[in-house]
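Numbered from 1 within each chain, the chains take letters A, B, ... in sequence-line order. Just so you know, these numbers come straight off a predicted model, no measurement behind them.
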Amino acid sequence: MVKTMAQMASEGKTPEVLFWVGCAGSFDDRYKKVTLAFIEILNKLNIEFAVLGDEEACTGDPARRAGNEFMFQMQAMANIQTLDMYKVENIVTACPHCFNTLKNEYPELGGNYNVVHHSQYLQGLINDGRLKIEGGAFKGKKITFHDSCYLGRANGVYEAPREVINALDAELVEMKRCRTKGLCCGAGGAQMFKEPEKGNKDVNIERIEEALDTGAKVVAAGCPFCMTMLTDGVKNKEKESEVKVYDIAELIRDATKES
Amino acid sequence: MAQQIAFLLVFVVANVFAIRSAKRIWDDIHLGQPIDRTDQPAERFKRMLLIAFGQKKMFKRPIPALLHLFVYLGFFIVNIELLEIVLDGLFGTHRMFQDSLGGLYPALINFFEFFAVAVLVSCVIFLIRRNVVKVPRFEKPEMTSWPKLDANLILVFEIALMFFLLSMNATDTLLHNSEGFFFSNMLTPLYAGMSPEALHIAERVFWWSHIIGVFFFANYVFYSKHLHIFLAFPNTYFSNLNPMGKMVNMDAVTNEVKLAMGMQGDSNMVPPERFGAKDITDLTRKQLLDAYACTECGRCTDNCPANMTGKKLSPRKIMMDTRDRMEDLGKAKRENGKDHHDGKFLMGDYISEEEINACTTCNACVEACPVNIDPLSIILDLRRYKIMEESKAPAEWNMMFQNIETSFSPWKFPPSDRGKWMNDMNS
């Protein structure tokens, strides 16, 4: 079950947290599954949350990174109007680009919210004892985590997703370049929306080679763009039958499924 | 007496030239826009202490970090001896502090000599890394003949200076039949057969070579990539203290957007001459300081995902181009008056669209820089100019902009479908 802020408002209720779904979470077939996985977890724990639905709009991140400051600020102002109309205080999002923009760039335009990435939110739920992982579907399995630039270097969030993976009792194996040295998937800075410039290799291929070198059969991510790039990388290496790319919310959901 | 006068002359000339060069650098940096980075002084001081003094970020690569640490400490420590050398030069004395310091004196000189040897050995290893091993980051296309020669010259200078210093001590030891010092005593066999007169001349030659070399080097740095020895300190002090992911807000745009959306804005606010950066005069003084603080080590480029996959972008080249442009424009203005413009621009004449369009804004370059240089901020300001002033973007980006404008998503989906995933779930 999922409700919009408008529905909540008509019922006179204020949710605990707004789930900012993001464009990829709303439209991209692969990432819609991540949206659903995260919602499953929220519902299971009876967390009162809402989404904006049709009232959500692009945060403006790709426009700003491409250089279109006017478009970014138009988007931001419109979103701030919507968020303030519903008196939103807490936001969780499964997209590091939305996370970075909402958290760091909206305050200067008048939008002040407590914004967390879903890895931090899940970590909080685990630490509070609200989220218990008993299924153990990933127990002892090798999982490698790909740091998204906008979560890691951009905001210094390195441990939250790792703690979530550790809560699965899985064996977290690091790639050669991880944490502050993590290698980009190739999609940031609005590269997601254009062909790469001329070169001799695609960045996601370079990255997936590192991921495959760890021997992990699960590559965990926390970003819709990374998800696309890594999945394409696995396909390019014709490893899609053995190696899977999952979002950390999907891992939590799948681990707790049987219980 | 003649030597004293000669020394005074050299000393004054060296200082006058150095001050003139420092003024040139200062003026060049002030071609940029003012920026206030004086908040949170305690935090800024801490960063300077850790990153510039403590070289924290260098130690991500321990071997070059250790060698660099020797050269860095050597620079500070050996230069303490410079005090005595300069005073000796001015007053015509010989080892002025020897008597008053007593037993401490040889201990101090031994300590200095240890670092002199460490600098010498480190510089030899650095030369080998650059010219024999050919460490890949020193071999990128932007490392043309001058940057390579510049780097080698600095290393050769330092080796020569240390050799002069040690030889000066060695010949002095022989000349005065004294006990000498631990490291320079290893050099005494080289000069052992010389007559007292020849030794005296040799000692003077080494003394003069060393001090003139030091003065020359102090002036050379202003024309080389080596300014980081001074500028690393202000550069880390004036670091960006925001999360790396945060882009600088353009307040002039905010004002226009507010007015366009019927919100309260300042209708008297004058829009800037230009949105984004076309030339170095549009960049901030911190961005220009960054360019002078860059010593072309290439850690940024080595960690750049675009560069490592063969794209034209190199963050180091962005910094080198910014510095070259700043020097060119500064020179043109000094020669032809400050209102002169040479008709060239950083964007286009120095940096191409292909370079800035390859950036994934991943911040790996910013993270990698040992002195907190931010090439990404320059790339993003150039992009802002391209899009907002020239409306020049890759066709796919224009599509993306259009999609955001019409359907509030970078992909072309009807906005009414945004909540469609909920139907699948709620049904």
Side-chain angles (χ1 to χ4, degrees), chain A residues 1-2 4 21 23 25-28 32 35-36 39 51 53-54 56-58 60 62-71 73-75 77-78 100 104-105 108-109 149-150 153-156 180-181 183-184 186-203 205-206, chain B residues 60 242-247 249-250 253-254 256-258 260-261 263 275-276 303 305-306 308-313 354 357-364 366-367 380 383-388 393-394 396-397 399-401 404-405 408-411 413 415-422 425-426:
Chain A
M1 188 59 203
V2 55
T4 61
V21 180
C23 300
S26 305
F27 293 118
D28 179 79
K32 277 195 257 181
T35 304
L36 298 184
I39 286 178
V51 297
D54 294 350
E56 193 187 278
C58 173
R64 184 173 234 195
R65 263 78 205 163
N68 199 333
E69 182 77 4
F70 276 97
M71 177 161 285
Q73 293 203 12
M74 296 289 274
Q75 289 299 116
M77 296 279 196
N100 177 66
N104 296 324
E105 298 182 348
E108 267 173 313
L109 300 169
C149 304
Y150 276 81
R153 270 189 298 273
N155 287 291
T180 56
K181 288 183 184 170
L183 177 65
C184 178
Q191 296 296 333
M192 184 70 194
F193 305 100
K194 70 188 252 300
E195 285 301 310
E197 300 300 309
K198 200 157 79 358
N200 53 32
K201 196 175 190 178
D202 282 335
V203 179
I205 305 299
E206 176 84 12
Chain B
K60 288 179 181 175
N242 290 319
M244 274 189 230
K246 180 180 185 293
M247 270 178 78
N249 194 64
M250 293 178 71
V253 172
T254 308
E256 299 218 354
V257 168
K258 277 184 177 170
M261 291 177 79
M263 296 156 78
F275 287 110
N303 284 283
M308 72 177 73
T309 54
K311 277 89 177 171
K312 217 176 147 195
L313 173 65
E354 186 180 339
N357 285 348
C359 176
T360 69
T361 71
C362 76
N363 267 305
V366 185
E367 175 68 37
L380 290 171
R383 279 188 181 179
R384 280 173 163 171
Y385 164 74
K386 270 283 155 199
I387 303 289
M388 289 193 281
E396 300 133 298
W397 276 0
M399 290 259 283
M400 183 256 290
F401 296 151
I404 292 179
E405 199 165 6
F408 316 119
S409 156
W411 294 289
F413 290 105
S416 54
D417 281 0
R418 190 176 274 270
K420 225 176 167 184
W421 59 271
M422 282 189 277
M425 193 184 185
N426 287 342

Where is the tightest heavy-atom contact between [X] and [Y], given as atom of each residue plus distance?
| X | Y | value |
| --- | --- | --- |
| B:Ile404 | A:Ala63 | CD1-CB, 4.1 Å |
| A:Cys184 | B:Thr360 | SG-OG1, 3.2 Å |
| B:Pro305 | A:Leu183 | CB-CD1, 3.8 Å |
| A:Asn155 | B:Pro243 | OD1-CB, 3.9 Å |
| B:Arg384 | A:Arg64 | NH2-NE, 3.7 Å |

Per-residue contact mode, [X] against chain B (heavy atom under 4.5 angstrom):
| X | result |
| --- | --- |
| A:Lys32 | side chain |
| A:Gln75 | side chain |
| A:Asn68 | both |
| A:Met74 | both |
| A:Glu69 | both |

Just so I understand: if I count every heavy-atom pair under 4.5 Å between each of [options] and chain B, which residue has the most?
| options | value |
| --- | --- |
| A:Ile39, A:Val21, A:Asn104 | A:Asn104 |
| A:Ala66, A:Gly199, A:Ala57 | A:Ala66 |
| A:Cys58, A:Pro196, A:Gly156 | A:Cys58 |
| A:Asp28, A:Ile205, A:Thr4, A:Thr35 | A:Thr35 |
| A:Gln73, A:Met192, A:Gln191 | A:Gln73 |

[X], part contacting chain A, at a heavy-atom distance under 4.5 Å:
| X | result |
| --- | --- |
| B:Pro415 | backbone |
| B:Lys60 | both |
| B:Glu405 | both |
| B:Met400 | side chain |
| B:Met263 | side chain |
| B:Asp417 | both |
| B:Met250 | both |
| B:Ala393 | neither |

- Side chain of B:Arg418, backbone of A:Glu56: donor and acceptor closer than 3.5 Å? yes

- Query: Would a distance-only check, ignoring hydrogens and angles, find a side-chain to backbone donor-acceptor pair under 3.5 Å from A:Glu105 to B:Met247?
  - Reply: yes

- Message: Over 60° means perpendicular and under 30° means parallel, so tell me whether B:Phe275 and A:Phe70 are parallel, tilted or perpendicular.
- Response: perpendicular

- Choice from B:Ser409, B:Ala306, B:Pro394, B:Gly419 maximising heavy atom contacts with chain A below 4.5 Å: B:Ser409

- Query: Out of B:Val257, B:Thr309, B:Leu380, B:Asn363, which one racks up the most heavy-atom pairs below 4.5 Å with chain A?
  - Reply: B:Thr309

- Message: Could you check whether A:Glu197 pairs with B:Lys311 (Lys NZ or Arg NE/NH1/NH2 to Asp/Glu carboxylate O, under 4.0 Å)?
- Response: no

Is [Y] close to [X] at the side-chain level, that is, under 4.5 Å between some pair of heavy atoms?
| X | Y | value |
| --- | --- | --- |
| A:Met71 | B:Ile387 | no |
| A:Met77 | B:Lys258 | yes |
| A:Ser26 | B:Lys420 | no |
| A:Phe193 | B:Trp411 | yes |
| A:Val203 | B:Cys362 | no |

- Are more than 12 heavy atoms from other residues, nucleotides or ligands located less than 6.0 Å from atom NZ of B:Lys246? yes

- Item | Heavy atoms of other groups near B:Met308 CE, more than 12 under 6.0 Å | yes

Rounded to the nearest 0.5 Å, what separation is found between the [atom1] atom of [X] and the [atom2] atom of [Y]?
| X | Y | atom1 | atom2 | answer |
| --- | --- | --- | --- | --- |
| B:Asn249 | A:Glu108 | CG | CD | 4.5 Å |
| A:Glu195 | B:Asn357 | CD | CG | 13.5 Å |
| A:Leu36 | B:Met422 | CG | CE | 11.0 Å |

